[in-house]
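These notes are about the structure you will find just below.
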Protein chains: 2
Amino acid sequence: MGEPTRLKAIAAQLNLSQSTVSRALNDYQDISARTKQLVREVADELGYQPNMHARRLALGKSETLGYVMPWQDRQATESFLSELMAGMAKALAAYGWDLTVLVPHSVDEELELFQKIARTRHISGLVISRTYSDDRRFQLLRDLQIPFVSHGRSNDSNATAWLDVDNELAFAEMTAHLASLGHRRIAHIAGPEVYNFARQRTDGWRRGIGEAGLDPHSAPLEMTDLSFEGGKAAMQRLLALDMPPTAVCCVSDVVAIGAMQAIREAGLVPGREVSLVGYDGLEIGAWIEPPLTTMRQPQQSAGRRLAEMLISLVEGRTRPSDNQELVRASLVRRETANPPVSDWSEGRQGVRQTTRENSGGF
Amino acid sequence: MGEPTRLKAIAAQLNLSQSTVSRALNDYQDISARTKQLVREVADELGYQPNMHARRLALGKSETLGYVMPWQDRQATESFLSELMAGMAKALAAYGWDLTVLVPHSVDEELELFQKIARTRHISGLVISRTYSDDRRFQLLRDLQIPFVSHGRSNDSNATAWLDVDNELAFAEMTAHLASLGHRRIAHIAGPEVYNFARQRTDGWRRGIGEAGLDPHSAPLEMTDLSFEGGKAAMQRLLALDMPPTAVCCVSDVVAIGAMQAIREAGLVPGREVSLVGYDGLEIGAWIEPPLTTMRQPQQSAGRRLAEMLISLVEGRTRPSDNQELVRASLVRRETANPPVSDWSEGRQGVRQTTRENSGGF
DNA sequence: GAGTCAACCGAAAACGCTTTCGGTCGTGAT
DNA sequence: ATCACGACCGAAAGCGTTTTCGGTTGACTC
């Protein structure tokens with residue numbers, strides 16, 4: 001297990017020149033079939049693997065893509081991050097490319113990082129995520145001529161490559177689903193407007209409200225950050241309304257789980273007095289009581305697509321605007337979206353007691 | 001934003017040779033302070049960043065570490081994976097090193113991957129996780145002379161570098177805690193024995209049982225895979241015993257959450273008739289009803305330490321056996337570990353009714 | 001004022017690959 | 001026999017660093 005075998009070694013063994021061996025392995029046309037055959041045999045007999053650095057230096061490209069982890073807010077999306085990354089890494093491995101993860105501490109540091117990458121070029125393309133509606137990164141990456149694809153759109157992504165879920169459609173459908181169950185007061189717990197996906201989801205909810213023949217202006221809307229506590233607080237505000245909603249579209253599963261907590265603490269049962277739908281399709285949603293109805297998008301295949309798109313961009317086979325892909329989320333029916341019960345909120349005290357007797361044993 | 005600036009450019013601008021510039025930037029002793037100063041100024045005025053591939057080719061090392069994602073069983077540990085990776089990436093970034101993620105589909109593919117890395121050397125060290133008691137990877141990595149540190153020990157890790165949590169101590173403490181609350185029948189839902197950590201945890205539980213003056217042989221023990229469903233099924237088996245346990249030590253939070261489900265479905269209340277302690281410190285544990293008592297180990301700092309240890313190994317500053325670190329998990333007191341209620345299991349029917357009335361409104 | 005010795009710096013090789021540019025064959029046509 | 005032409009292959013340059021090895025200064029000693 002001494003020194004790794006180099007091109008030179010296999011050249012020596014066959015009495016060929018190094019350059020011939022190189023071209024044989026790279027399947028050049030001016031090498032005879034017989035020679036190629038021989039070279040290949042000796043190559044994998046000796047377990048030859050090209051030295052990446054030399055190769056990349058000569059080629060001038062890196063065959064390495066970077067994924068910028070969203071690490072601003074410590075938690076939230078974490079759980080499907082690793083799944084997304086696994087999808088990307090697997091797809092890249094099929095091409096012999098590598099995936100390196102970048103973890104900037106702040107927005108400014110992220111922009112600096114881009115500058116550095118632009119100079120060293122040791123990463124030849126980036127996947128960014130957690131896009132803002134107003135996202136400085138797009139402009140900068142274009143200026144720096146770093147190929148990139150974003151997981152999620154922004155105001156500035158018309159001409160760039162992206163993979164996004166149709167958030168608006170998802171929330172329109174979610175709202176329609178709740179309306180079809182008979183709900184008339186369908187609220188929305190929205191995420192921070194700076195996030196593009198949060199805005200899209202609010203838009204979708206609003207569209208759904210309208211399409212259900214309800215009044216978007218009177219529909220209850222609460223904002224929150226993407227946390228359990230935030231969801232809980234937002235739900236508490238909704239419950240304090242004169243006319244509390246009978247159903248709530250939540251911007252994320254984590255927020256929805258927080259909302260469930262608020263509902264329970266008010267002595268009500270999630271999915272009974274107040275229906276709930278989350279978003280993300282987290283597995284844990286199925287493990288809580290009652291299991292959370294939600295919408296899911298496939299994370300692994302998203303990772304794969306992101307990787308494939310970026311490769312083709314880096315290779316120059318396609319233009320950014322050719323790589324825009326909208327995927328559809330699908331409803332995961334569990335147990336928190338049900339027809340409304342008779343108007344509980346007009347006789348709250350009475351209802352609260354009834355609930356206590358029924359909240360266990362689902 | 002045309003071509004990135006190279007050594008040559010800054011040499012030309014200062015009428016110096018390329019080699020002088022290189023040595024100035026690398027702080028060689030035989031370059032005058034004045035020259036170094038000048039070179040540095042021009043360097044960052046021009047935004048110079050060394051070409052990684054050239055540098056790594058010349059140096060013969062890669063300044064890139066790899067993290068082998070545990071992807072055998074699709075889920076389980078996912079949630080803290082990204083946190084761990086973020087910790088690693090951040091630590092590495094401080095040294096200017098990169099982290100690439102590797103996602104083998106199977107054990108065999110993982111071993112092949114190691115072979116490849118040994119030849120290309122484009123990754124100069126590995127962090128592996130999800131160690132088995134009997135783990136082929138240790139031997140192979142040693143043979144291939146790839147520096148590595150494992151997150152978790154194995155039978156074969158006496159002389160290698162590792163960072164592990166003291167699983168045995170953690171479960172001994174967990175058991176002691178339950179015993180101190182008054183429990184006498186403390187069961188264990190164990191993970192697959194192939195995983196070293198699962199075995200350690202079972203050992204710890206057994207030790208705790210003994211130290212509490214109880215009989216390890218009669219203490220109920222159930223095995224399961226590391227899944228929600230597995231935990232649920234195991235708990236069901238425990239509940240079906242003649243003398244069901246009043247407390248259960250679960251190998252992981254996910255398993256514990258599954259167990260809670262089984263308890264609820266039996267008409268009982270987790271933390272009341274049956275106390276539970278999980279392990280991992282997952283955030284979601286705090287969001288369920290009732291919040292799950294568990295044990296936590298810091299993931300981000302673990303990532304950082306793993307990275308630091310591996311760097312010092314790759315640099316040859318320390319030997320593997322100098323890098324063995326045992327960290328301690330700490331109990332996170334939530335609401336599923338309480339004193340036992342009076343012997344419910346001898347009058348189960350009656351208890352069941354009582355429970356129904358009290359299970360809501362926590 | 002010749003010799004010594006630091007202090008500084010430049011030339012050039014090396015890392016291992018890719019790729020361009022010729023060069024050497026044998027073949028077929030003239 | 002000569003020429004042209006493919007088919008194959010070797011020599012060598014180049015990618016951008018690092019690092020060894022001398023070589024040139026000037027100051028300093030006696």
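Proteins get letters first, then strands, A, B, ... in listed order; numbering begins at 1 in each. Side chains included, hydrogens not; waters and symmetry mates left out as well; all remaining heavy atoms used.
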Exercise. Measure from the side chain of A:Arg23, starting at C-beta and using heavy atoms only, and say which of C:dC17, D:dA11, D:dG16 lies closest.
Key: D:dA11
Quiz item: Is it true that B:Asp322 and B:Arg317 make a salt bridge, defined as a side-chain N closer than 4.0 Å to a carboxylate O?
Solution: no
Quiz item: Is B:Ser22 touching bases, backbone alone, or none of the nucleic acid, heavy atoms closer than 4.0 Å?
Solution: base
Quiz item: Side chain of A:Leu59: nearest nucleotide among D:dT19, C:dT19, C:dG10?
Solution: C:dT19
Quiz item: The side chain of B:Leu7 lies closest to which of these nucleotides: C:dT19, C:dT18, D:dT18?
Solution: D:dT18
Exercise. Answer yes if the side chains of A:Ser312 and A:Thr318 hold a donor-acceptor pair under 3.5 Å, and no otherwise.
Key: yes
Quiz item: Under 6.0 Å between the ring centres of A:Phe148 and A:Phe138?
Solution: yes
Self-check item: Value in whole Å for how far the P atom of D:dC8 lies from CG of A:Leu38
Solution: 14 Å
Quiz prompt | Between D:dT18 (P) and B:Leu57 (CG): distance, integer Å | solution = 11 Å
Quiz item: Nearest-Å distance, NE2 (A:His122) to P (D:dG16)?
Solution: 16 Å
Quiz item: Rounded to whole angstrom units, what separation is found between the CD1 atom of A:Ile31 and the P atom of D:dC8?
Solution: 9 Å
Quiz item: Which nucleotide in the list C:dT18, D:dA12, D:dG16 gets nearest to the side chain of A:Ser19?
Solution: D:dA12
Practice problem: Between D:dT17, C:dC17, C:dC15, spot the one nearest the side chain of A:Ala54, thanks. | Solution: C:dC17
Exercise. Tell me, please, whether A:Phe114 has A:Arg137 positioned over its six-membered ring: NZ or CZ under 6.0 Å from the ring centre and within 45 degrees of its axis?
Key: no
Quiz item: Quick one: does B:Asp30 reach the base of C:dC9 with a side-chain donor-acceptor pair under 3.5 Å?
Solution: yes
Quiz item: Looking at the side chain of B:Thr20, which of D:dT18, C:dC15, C:dG10 is the nearest nucleotide?
Solution: C:dG10
Exercise. Between C:dG16, C:dG10, D:dG10, spot the one nearest the side chain of B:Ser17, thanks.
Key: C:dG10
Quiz prompt | Distance, rounded to the nearest Å, where A:Gln18 contributes CD and C:dT19 contributes P | solution = 14 Å
Quiz item: Which one, C:dT19, D:dT17, C:dG16, comes nearest to the side chain of A:Asn51?
Solution: C:dG16
